[in-house]
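In listed order, ligands and their atoms are each counted from 1.
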Amino acid sequence: MALSSKITGVGSFVPERVVTNHDLEKMMNTSDEWIQQRTGIVERRWVDANTSTSDLALKASIEAIENAGIDKNDLDMIIFATLSPDHDFPGAGCFLQDKLGVPGIPTLDIRQQCTGFLYAMSIADKFIKSGSNKNILVIGAEIHSKGLDRSPEGRNVGVLFGDGAGAIVMSATDVKDGKADSHIINCHLHCDGSYAKELWLPGPGTGFNSENRCDQKMLDEGLHFPQMNGKVVFVNAVKKMSQSLINLCKESEVKFEDIDLFLFHQANLRINSKLAEMMGIPEEKVFNTIQKYGNTTAATIPLGMHDAVKEGKLKPGMLVASAAFGSGFTWASSLYRF
Ligand code: UT7
């Protein structure tokens, strides 16, 4: 028997407001046809003005805790992946912990963008395997809409992202049969910071030749909006996600054909089709949600996980592979029996 961690509860939440590509046509110099053809996105969700990232996370967390069949007071840690925290500091985990009403337990914010949730899952797995923690709440939540350039010039990035949250509870488990029992099998985490400026949010920040971390010049130059070199990101996403997953499966002695479901990050439907094609994965084994949510960064994988459970496509005992890629560049892959 070996001490391990498994996913015991999943929850998600998306804001009610649906923003279609046609809605964006009225704000930006774009078209439904372009967005669907180049990305697969049809619509996304945007919050209203009085909602924060920890508000979305709270709703997803309550559902995950309920589905795990534990009391919130059984949690002994919160790990929160987001690039769009309520405030620069303290971390979004602190705000969520207060709203959830579980004072005293440690909280940790993960700043690894689209890869954040897989980093968070891997860290939770290691805390649990060390024997120090039993029930960790792991969240990915984002509010992109408040940070996008929604002017006619904002189309490069503005059409891609949406708001949402997903949460899981990871709990300690004794694994008797490493092949059959539900548990996290293996995770690989990666980063190459030499690509940091290919997809980033420059301001506000201390990385400017300025005495202030936020000034009018930064705002005038639009440095508070995300900037992306889409083609470089696209090519690297396909390359790095496939490499990571191939290596992970090899190391874990798992064959692709034995994997029941692939829950990839959702940045572009064409990225996921290319991944499936390169790795010989049947398209029906890849669960995509980008059509209805856009790219929700750290929220994407748990949001997809919850939708897959609701649609009966993800069932206990299934072997699942996830891979993600994003700003940093960061990328990761994970294998788990659900
Ligand atoms: O989660 C990780 C983060 N993000 C990603 O992984 C994204 C990876 N990259 C991509 O998904 C794609 O590169 C994009 C969807 C961002 C862009 O698709 P693309 O096929 O690489 O298009 P492009 O950037 O080469 O642009 C093609 C044309 C350009 O016009 P010209 O120069 O050919 O006249 C763009 O200005 O499409 C134009 N364009 C748009 N047109 C209408 C760019 N964005 C838009 C838009 N609506 N929203």
Side-chain angles (χ1 to χ4, degrees), residues 19-44 81-84 110-119 140-145 147-164 166 190-193 195-201 222 225-244 263-275 278 286 288-291 293-304 322-333:
V19 177
T20 66
N21 294 342
H22 294 295
D23 293 328
L24 294 185
E25 283 173 351
K26 292 170 204 145
M27 300 174 210
M28 295 168 196
N29 182 14
T30 190
S31 70
D32 174 54
E33 193 192 359
W34 189 96
I35 301 171
Q36 287 211 42
Q37 272 180 8
R38 308 310 295 166
T39 72
I41 301 168
V42 179
E43 58 188 40
R44 73 286 290 140
T82 185
L83 64 67
S84 50
I110 302 294
R111 297 287 304 271
Q112 301 303 342
Q113 304 65 249
C114 299
T115 319
F117 185 78
L118 293 186
Y119 266 73
E142 303 287 1
I143 292 182
H144 281 294
S145 57
L148 296 172
D149 178 0
R150 286 175 277 182
S151 74
E153 291 77 44
R155 68 180 190 181
N156 281 4
V157 175
V159 303
L160 303 174
F161 294 96
D163 305 339
H190 311 268
C191 173
D192 184 345
Y195 290 95
K197 295 184 180 177
E198 299 293 349
L199 173 52
W200 68 317
L201 181 69
F225 293 130
Q227 323 216 327
M228 176 171 74
N229 185 348
K231 282 207 190 312
V232 174
V233 180
F234 190 110
V235 171
N236 278 280
V238 173
K239 199 162 98 187
K240 301 297 190 189
M241 280 200 277
S242 56
Q243 269 173 3
S244 181
L263 277 179
F264 293 140
H265 177 55
Q266 306 282 308
N268 190 319
L269 210 50
R270 291 187 293 133
I271 292 180
N272 291 358
S273 299
K274 193 97 196 138
L275 277 179
M278 279 171 64
V286 181
N288 288 314
T289 53
I290 189 165
Q291 300 91 328
Y293 300 137
N295 182 351
T296 57
T297 316
T300 303
I301 289 178
L303 197 47
S322 285
F325 181 91
S327 162
F329 288 152
T330 55
W331 64 101
S333 57

*Kindly indicate, with the supporting measurements, whether the criterion side-chain hydrogen bond (donor to acceptor under 3.5 Å, both in side chains) is fulfilled by E142 and T82.*
CA-CA 6 Å; E142 303 287 1; T82 185; 3.1 Å; yes

_To check your reading of the model: name the closest protein heavy atom to atom 29 (C) of ligand 1, its residue, and the distance in Å._
R155 NH2, 4.7 Å

*Just jot down the ligand 1 atoms closer than 4.0 angstrom to any heavy atom of K231, in number order.*
13 (O), 19 (P), 20 (O), 21 (O), 22 (O), 23 (P), 25 (O)

*Measure I271 to ligand 1 on non-hydrogen atoms and call it side chain, backbone, both or neither using the 4.0 Å cut-off.*
side chain

*Donor-acceptor pair, N288 side chain versus I290 backbone, under 3.5 Å?*
no

*Test S31 against E25 for side chain to side chain contact (heavy atoms under 4.5 Å, CB included), laying out the working first.*
CA-CA 6 Å; S31 70; E25 283 173 351; 4.1 Å; yes

*Answer with side chain, backbone, both or neither: which part of M28 has a heavy atom less than 4.0 angstrom from an atom of ligand 1?*
neither

_Closer than 4.0 Å to some heavy atom of V159 - which atoms of ligand 1 meet that?_
48 (N)

*Donor-acceptor contact present, side-chain R155 to main-chain L24, <3.5 Å*: no

_Please list, in number order, the atoms of ligand 1 under 4.0 Å from a heavy atom of A267._
1 (O), 2 (C), 5 (C), 6 (O)

*Indicate, as side chain, backbone, both or neither, the part of C114 found under 4.0 angstrom from ligand 1 when only non-hydrogen atoms are considered.*
side chain

*Which protein heavy atom lies closest to atom 20 (O) of ligand 1, and at what distance to 0.1 Å?*
R38 NH2, 2.6 Å

_Using a 4.0 Å cutoff against the non-hydrogen atoms of G230, which atoms of ligand 1 qualify?_
8 (C), 9 (N), 13 (O)

_Test of understanding: given a 4.0 Å heavy-atom threshold, classify the contact between W34 and ligand 1 as side chain, backbone, both, or neither._
side chain

_Identity of the nearest option to atom 47 (N) of ligand 1, non-hydrogen atoms only, from T30, L24, L199, N156_ = T30

*Just which atoms of ligand 1 are under 4.0 Å from any heavy atom in H265?*
1 (O)

*Tell me which part of I35 gets within contact of ligand 1: side chain, backbone, both or neither, using heavy atoms under 4.0 Å.*
neither

*Heavy-atom donor-acceptor pair, T115 side chain to T330 backbone, under 3.5 Å*: yes

_Element-labelled atoms of ligand 1 that are located less than 4.0 Å from some non-hydrogen atom of T39_ = 15 (C)

*Under a 4.0 Å heavy-atom limit, does Q113 contact ligand 1 with its side chain, its backbone, both, or neither?*
neither

_Proximal ligand 1 atoms for F325, defined as those under 4.0 Å from one of its heavy atoms_ = 1 (O), 2 (C)

*For atom 16 (C) of ligand 1, which protein heavy atom lies nearest, and how many Å away is it?*
M228 CE, 3.7 Å

*Can you tell me which residue and heavy atom of the protein come closest to atom 14 (C) of ligand 1, and the distance to 0.1 Å?*
N268 ND2, 4.5 Å

